[in-house]
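Some notes on the structure that comes next.
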Amino acid sequence: MRGSASLANVRLPSSGAPLQTERYDPSSFEERLAQRWEAERTSSLTPPAADTEHQGALDTFYALTMFPYPSGDLHMGHAEIFTIHDALVRHLRMTGHRVLNPMGWDAFGLPAENAARQRGADPKAWTYANIEEQRRTIVRLGYSFDWDTVLRSCDPEYYRWTQWVFLELFDAGLAYRREALVNWDPVDRTVLANEQVIDGRGERSGALVERIPRTQWFFRITRYADELLDGLDTIDWPDRVKNAQRAWIGRSEGAEVTFTTADDGTEVLVYTTRPDTLYGATYFVFAPEHPLVVARMAGDADYDAFREEVSRRSDVERLSGFGDEEEAAGARRAKRGMRLSFDVVNPVDGSVLPAYAADYVLMDYGTGAIMAVPAHDQRDLDFARQEGIEVRVVIAPDDGSTLDAATMTQAWSGDGTTVNSGPYDGLAWPETKRRITADLEAQGKGRATVNFRLRDWLISRQRSWGAPIPIVHCPDCGQVAVPREQLPVRLPDDLDFTVPGSPLDLHPTFKHDVVCPACGNEDAVRDVDTMDTFVDSSWYFLRFLDPTSEVHAWPRDAATHWLPVDQYTGGVEHAILHLLYSRFFVKALRDLGHLAADEPFARLLNQGQVIMGGKAMSKSLGNLVAPKAVYEEYGADTLRATMLFASAPEDDIDWADVSPTGMHKWLSRVWRLSVEHLARVAESGGAERVASGGEDAERALDVRRASAVAVEAAGREYAARKYNTAIARMMELTNTLNDVLRTGEAAPVERAVGESLRALLLLLAPIAPFLTEELWGRMGEAGSVHDQAFPVADPALLVRDEIEVPVQVNGKLRGRVVVAPGTDRDALEAAARIEVAAHLTGEVIKVVVVPDRMVNLVVRG
RNA sequence: GCGGGCGUAUCCCAAUCGGCAGAGGAAGGGGACUUAAAAUCCUCCCAGUGUGGGUUCGAGUCCCACCGCCCGCACCA
């Protein structure tokens, strides 16, 4: 409630001359404080490795933001993440936590090379200049990172250990090299991971991706598929991220079934999730690049042309042609296939199935060959109709409908009863599935298996601004690890970016200036690929534990204590790749004995995006608002508070809807209330003398109560990480103080006002660190406001003398009674009956009393 | 098609376990102060919670079905 009834609408003239007070001018102190904090390293925590004293303590907290890519100055998205994160960190510090709050840069990557190619910039100089620009902005905005533990993934001191991690995985058989059809980006001239291909185009370049064979390094993430899936149940992440990972891992249960060729009985394995529909198979499909097909169709010109045509397309393109537009038009792109020169025999009934090769079957999922059951699989039905192949119904739908094999256009994949399937007729399909699988297994013709959509992680990149893969290829010894003590394999400083292709490959000495570490063979060459930058970011949270160490990548003991990260804050765009890879690394490194945690990030917060007018901000749309423009006009505190007040952390912020001016107005009010208070105190010779004139007990109590309520409520909002409503609570307190001072003499409440303002500054400190620090000093308080304990409300001030309880009759509000808190049910009911007697026209058949909350009387008639 | 989320005042948004729909902000109208403007201050205006059912003494909140919008994923056998 704003003010008390006795004060409302009363305007008293203020005493004496108008106060001459200084206006809120952030530019007069923010930069000064930022520089001081940076110089004094006020937010630094001793690097954990050296800090054995606190390991094992319960009050430690590892707070982490996704480290930024240094593409230029900070943008609004960064400001959003860092502001949320910094409010969390500062609040935790004030509530007695020892917070590890490191900062680093994900500093390898393509834009540096593009800058080199386009503008002749040195990638290293370009990167470090951007990092310095971002670092200065971060300092300017008051984000309290620990500058003693900073790292950059492009530093040799860092990528030395990225290479070490690679070798650990290599030695464990988790890194391997094989030829694969890869996604080749013809513009960036590099290989892309499947995840980096969006709708058949390169994630960065937008170019149509081609498929070419190439020998590449992979990480065996599929070995952890099951654990990556199960582990999702143990972590506090947003459901949408967990679901995205579940879908990406794509676990399915089915069976491998052995078919045979009709001519010579060569065995062909098939993977199916629906072995219960085996009797409905009417044809058979191989991936065009299936080895059996390649062998049998050699020299067939049609086949060669077909295979060539299909192989140029990415998986995604082969499987798509089903985008929104096609779907809306009902015009899915046709599947491509060709009849092969042989047939295949179905093991359950000996029927002979025509064999096809088709683009909709992929070589690297399952076994690269399928049995086609058009009646119960839409893809097969589409192809069957296209090719005029027979359709055979083997499941009778549970919904009572009847499928007509001759005319159906929608495959039935729902529940149903098995029909036309010999001994299995009449069973519900899950039962059929179990029995057929068991029977096949008994006959040696099949077995139950589990399959994953997840593929191994392709990490080779034909780039030069990345961590070199620390392997030497020797004509005699094969792949040989560079000895650990020779790490890092350094990037040359003199790369030539004026020619297309890989500068590392083309470098005059990098590739050949090496001998085999095992046998000394001088014909050995270095691997000239670099690692996917997701490798760099899959373990950086470990390096923060001892970022300058030359003896280990991280200290095992510290990792045991600090992992998992307590809260990880970043954008939802990393829902799959970065977060899945990091989880894989932690599990693999755990199994190798380097740490104890099962998961890297216990809790994940995906902050919302900053958008503009409903659309993502972008340079091309011309609606970019830079943080710089905001803090130069209003100050860093206003930028921070605006971000936090605009929405809950996980909701998007539409910059068109928010108002830095409104927030600036409120901060100005906090400033004015504070400096006016100080001016009055100074004028009258100090707080003690102000109070000695006698305190207006009633008004002072109003102030103290309002303050206690704000402290209690804001504290709860902070704990729930809802900074928008925490700010609302502080605004209420500001309004109350304003009302009290406006409506009466200041002197009799000055002491209470001073107490409240100090509490307000403490509440506000995590959000507006500059303003609060400046005023804290002016209040004559010693030390930094950020070193103070977060305020706790005096419970006595939260107790109300009397409360108003609504009284309902038949659920409708009919009156209110004023009672003491804790009034018992009977007394409350009695008071309520009197209050609403006029409405109790019939017999009261039910009484609902919720003490201190409400009374509901249910009347018949 | 599948998954996740969101629909509350002119706008952005609050509302513990289901318990008085309005905390906070913005915009707008009126006013005070001022030579004027800015700033500041005061004041007013504004919804019954997307639609239809259900559960309940009581529903913004829970359940069902729809509508609309946003974000992922999507021919993985």
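Predicted model, so just to flag it, every value in this text is computed and none were measured. Note on naming: letters A, B, ... go to the chains in the order of the sequence lines (proteins, then strands), and numbering restarts at 1 for each one.
Where Thr661(A) and Ile370(A) each meet RNA chain B at their nearest nucleotide, the meeting point lying more 5' is that of Thr661(A).
Nucleotide rG53(B) is shown with an anti base, its glycosidic torsion being more than 90° from 0. An anti orientation is assigned to rC6(B), its glycosidic angle lying beyond 90° of 0.
Residue Asn243(A) places no side-chain N or O under 4.0 Å from the OP1 or OP2 atom of rC2(B). At rC41(B), one or more side-chain N or O atoms of Arg669(A) fall inside 4.0 Å of OP1 or OP2 (strictly under the cut-off). Proximity of Arg251(A) to the phosphate of rC76(B): no side-chain N or O atom is located under 4.0 Å from OP1 or OP2. Distances shorter than 4.0 Å separate some side-chain N or O of Asn735(A) from OP1 or OP2 on rG25(B).
Ser252(A) comes within contact range of the sugar-phosphate backbone alone, with a heavy-atom separation under 4.0 Å but no base atom that close. Asn738(A) comes within 4.0 angstrom of sugar-phosphate atoms only, judged by non-hydrogen atoms across all strands, and of no base. When heavy atoms are screened at a 4.0 angstrom cut-off, Lys665(A) is found touching the sugar-phosphate backbone but no base atom.
Listed by first then second residue, pairs satisfying salt bridge (charged side-chain N to carboxylate O under 4.0 Å, His left out) with a partner in residues 240-250 of chain A read Asp233(A)-Arg246(A), not counting sequence neighbours. Residue pairs meeting the salt bridge (charged side-chain N to carboxylate O under 4.0 Å, His left out) criterion with at least one partner in residues 843-856 of chain A, sequence neighbours excluded, are Glu843(A)-Arg860(A).
Between rA59(B) and rC64(B), the two C1' atoms lie 15 Å apart (nearest whole Å). Atom P of rC75(B) sits at a distance of 34 Å from the matching atom of rC13(B), rounded to the whole Å. Taking the P atom of each, rA26(B) and rC42(B) are spaced 12 Å apart, rounded to whole Å.
Taking the side-chain contact (heavy atoms from CB on, under 4.5 Å) definition, one finds that Leu798(A) meets it with Ala708(A), Val709(A), Glu712(A), Ala793(A), sequence neighbours left out. Every residue two or more places apart in sequence or in another chain was checked for a side-chain contact (heavy atoms from CB on, under 4.5 Å) with Glu633(A), and none qualifies. With sequence neighbours left out, Thr725(A) forms a side chain to side chain donor-acceptor pair (under 3.5 Å) with Glu717(A). Taking Asn738(A) as the reference, Arg669(A), Arg672(A), Leu673(A) meet the side-chain contact (heavy atoms from CB on, under 4.5 Å) condition, with sequence neighbours excluded. His578(A) meets the ring pair (Phe, Tyr, Trp, His ring centres under 6.0 Å) test with Tyr568(A), His574(A); sequence neighbours excluded. Looking at residues two or more places apart in sequence or on another chain, you find a salt bridge (charged side-chain N to carboxylate O under 4.0 Å, His left out) between Arg274(A) and Asp276(A). Applying the side-chain contact (heavy atoms from CB on, under 4.5 Å) rule to Ala720(A) yields the partners Lys722(A); only residues at least two apart in sequence or on another chain are considered.
Phe383(A) does not carry Lys335(A) over the face of its six-membered ring by the limits of under 6.0 Å from the centre and within 45° of the normal.
Comparing rG24(B), rC75(B), rU40(B) by their closest approach to the side chain of Lys335(A) singles out rC75(B). For Arg240(A), counting side-chain heavy atoms from C-beta on, the closest listed nucleotide (rG24(B), rG4(B), rC42(B)) is rG4(B). Among rC42(B), rG4(B), rG25(B), the nucleotide with an atom closest to any side-chain atom of Met731(A) is rG25(B).
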Give me, pair by pair, the N or O atoms of the protein and of nucleotides 5-14 of chain B that are less than 3.5 Å apart, along with how far apart they are.
none

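Ion pairing of Glu253(A) with Arg251(A) is present here, as a side-chain N (NZ or NE/NH1/NH2) and a carboxylate O approach within less than 4.0 Å.
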Problem set entry | Which nucleotides of RNA chain B pair, in dot-bracket form (Watson-Crick or G-U under 3.5 Å, | meaning another strand) | (((((((..((((.....[..).))).(((((.......))))).....(((((..]....))))))))))))....
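The nearest pair of heavy atoms linking Leu763(A) to Pro766(A) is O-CD, 3.4 Å.
Donor-acceptor pairing under 3.5 Å, judged by distance alone, is present between the side chain of Arg455(A) and the base of rC76(B).
For the segment residues 849-858 of chain A, the set of residues with a heavy atom within less than 4.0 Å of an atom of RNA chain B comprises Val850(A), Arg853(A), Met854(A), Asn856(A), Val858(A), in numerical order.
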